[in-house]
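Working notes, structure below.
Sequence positions, counted from 1, serve as the residue numbers for this chain.
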Amino acid sequence: MPSEELQQLVDNRSPEESRIEKQRANELAAALQLVSPDDREVLLLSYFEGFRHREIADLIGSTPGAVKVQVHRARLALRKHLPPLESKK
């Protein structure tokens, strides 16, 4: 079962991996507060709620194409507020 496999991966994380994951989650939450409310809305709907562009368009009164562009621009704005990922050595 996929959820069992995912749980096994989570259970096998080292304390350092858990710490890094928590730190990244905190950085993401902080960065989301720094983007515009419209950008935050489409990012949350798309990535955290799992809505498709067509569904987001219906919710916000836009077109799927416009939502696709807005999500792309929102990701670029968000990235400006996130520290770079550290590469594994």
Side-chain angles (χ1 to χ4, degrees):
M1 229 178 195
S3 62
E4 291 174 3
E5 292 171 10
L6 179 61
Q7 188 60 43
Q8 185 178 6
L9 288 173
V10 170
D11 292 342
N12 289 334
R13 289 182 302 178
S14 71
E16 177 67 10
E17 289 171 326
S18 295
R19 183 193 66 75
I20 291 170
E21 183 178 313
K22 185 175 182 178
Q23 178 183 349
R24 291 300 292 171
N26 289 337
E27 291 167 350
L28 177 60
L32 279 168
Q33 296 304 312
L34 298 174
V35 299
S36 74
D38 289 341
D39 285 350
R40 184 169 42 253
E41 179 180 37
V42 296
L43 289 170
L44 292 174
L45 289 171
S46 180
Y47 292 103
F48 295 94
E49 298 296 329
F51 284 86
R52 297 179 182 275
H53 292 155
R54 178 178 51 249
E55 295 167 321
I56 297 170
D58 291 342
L59 287 171
I60 67 173
S62 189
T63 65
V67 169
K68 183 176 180 179
V69 170
Q70 188 176 358
V71 168
H72 174 73
R73 290 180 180 165
R75 281 184 19 220
L76 293 176
L78 180 66
R79 191 174 297 144
K80 290 178 184 177
H81 299 289
L82 289 171
L85 289 174
E86 295 178 15
S87 61
K88 290 186 177 184
K89 295 179 182 178

Q) Can you tell me how far the OG atom of Ser36 sits from the CG atom of Leu43, to the nearest 0.5 Å? A) 8.5 Å
Q: Kindly compute the distance separating CG (Leu45) from CD (Glu55), expressed to the nearest 0.5 Å.
A: 9.5 Å
(Q) Would you say that more than 12 heavy atoms from the other residues, nucleotides or ligands in this model lie under 6.0 Å from the NE2 of His72, or not? (A) no
Q.
Can you tell me if Arg40 has over 12 outside heavy atoms packed within less than 6.0 Å of its CZ?
A. yes
Q: Rounded to the nearest 0.5 Å, what's the gap from CD on Gln70 to OG on Ser46? Could you check?
A: 10.5 Å
Q: Applying side chain to side chain contact (heavy atoms under 4.5 Å, CB included), run through Arg79 and Arg75 and close with a yes or a no.
A: CA-CA 6 Å; Arg79 191 174 297 144; Arg75 281 184 19 220; 3.9 Å; yes
Q: Scan residues 22-39 for pairs that pass salt bridge (charged side-chain N to carboxylate O under 4.0 Å, His left out), counting only residues two or more places apart or in two chains.
A: Arg24-Glu27
Q. Can you get from Phe48 to Leu82 by hopping between Ile, Leu, Val, Met, Phe, Trp and Tyr side chains that sit under 4.5 Å apart?
A. yes
Q. Shared ILVMFWY cluster between Val42 and Tyr47, side chains joined below 4.5 angstrom?
A. yes
Kindly list each side-chain donor-acceptor pair under 3.5 angstrom involving residues 59-69, sequence neighbours excluded, with atom names and distances?
unit_1	atom_1	unit_2	atom_2	d
Thr63	OG1	Ala66	N	3.1

Q. Any side-chain heavy atom of Leu28 sitting closer than 4.5 Å to one from Leu78?
A. yes
